[in-house]
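In what follows, every chain begins at residue 1, and chains take the letters A, B, ... in the order their sequences are listed. The figures here come from the full heavy-atom set of this structure, side chains too, leaving out hydrogens, waters and symmetry mates.
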There are 2 protein chains.
Amino acid sequence: MVNLVVQYPPLDRAFAALSDPTRRAVLERLGRGPATISELAAPTGMSLTGLKKHVRILEDAGLVTTEKHGRTRHCYLGPRGLEDVSDWVEAYRRTWDDRFDRLEQVIERKRGTSNDQ
Amino acid sequence: MVNLVVQYPPLDRAFAALSDPTRRAVLERLGRGPATISELAAPTGMSLTGLKKHVRILEDAGLVTTEKHGRTRHCYLGPRGLEDVSDWVEAYRRTWDDRFDRLEQVIERKRGTSNDQ
């Protein structure tokens with residue numbers, strides 16, 4: 001069960017970064033163009049400090065870049081994208097689709113058990 | 001920045017479940033067929049208790065189903081797949097691809113700054 005793809009730490013950080021709705025919303029917002037921390041915080045009703053923590057997690061995952069200009073921090077997408085996340089998910093889905101329909105499998109198994117009794 | 005897709009809690013749990021290499025390895029293994037906790041633990045060198053914690057997180061995310069037969073817990077994929085994870089990632093990638101090449105954007109911005117000085 002050990003391979004290079006599975007143990008690739010940036011992939012861990014990317015999936016963890018995506019596990020929060022505020023962080024996904026920040027990525028979606030930055031997909032429409034750069035924004036300051038204040039601009040990102042406004043629609044969430046979150047404090048600047050709270051929002052900054054989320055941005056820091058996205059930054060650690062390489063999904064967001066920030067630059068400070070005076071007292072204002074500007075946020076941009078990148079340098080990384082979600083290619084590795086997408087590759088893992090699609091490879092998994094192909095395995096899943098190829099192998100079996102999981103609901104049917106569970107039903108078949110339960111049927112088998114009932115017939116045995 | 002608020003919409004139903006972004007605030008869908010199962011999506012949070014799915015991304016969080018995928019943020020660990022052992023859990024991704026368990027899903028890949030179960031993609032090849034059902035397995036017991038012992039069979040899942042063996043190649044990781046992890047204790048049964050440790051492996052069970054990972055399986056529980058996958059179970060809470062709906063990605064794995066377990067059934068206890070006597071003293072043995074059998075693990076299967078499902079009932080959920082990664083359709084919503086895949087949908088979110090692909091929608092995000094389309095936005096990214098449509099809007100701009102992020103590296104070029106950063107370079108252009110830096111060039112603009114240099115020219116101003």
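Applying the side-chain contact (heavy atoms from CB on, under 4.5 Å) criterion to A:I37, with sequence neighbours excluded, gives A:L48, A:L51, A:K52, A:V55, A:R73, A:C75.
Between the CZ atom of B:R24 and the CG atom of A:D12 there is a distance of 4.5 Å, given to the nearest 0.5 Å. Summarising the geometry, atom CG belonging to B:L82 is positioned 5.5 Å from atom OH belonging to A:Y92; distances are rounded to the nearest 0.5 Å.
Between chain B and the options A:A91, A:A16, A:A42, A:S86, heavy-atom pairs under 4.5 Å are most frequent for A:S86.
B:I57 and B:V85 are members of different hydrophobic clusters when ILVMFWY side chains are connected at heavy-atom separations under 4.5 Å. B:L11 and A:L18 end up in the same hydrophobic cluster when Ile, Leu, Val, Met, Phe, Trp and Tyr side chains are linked at under 4.5 Å.
Listed by first and then second residue, the ring pair (Phe, Tyr, Trp, His ring centres under 6.0 Å) pairs involving residues 21-46 of chain A amount to none (not counting sequence neighbours).
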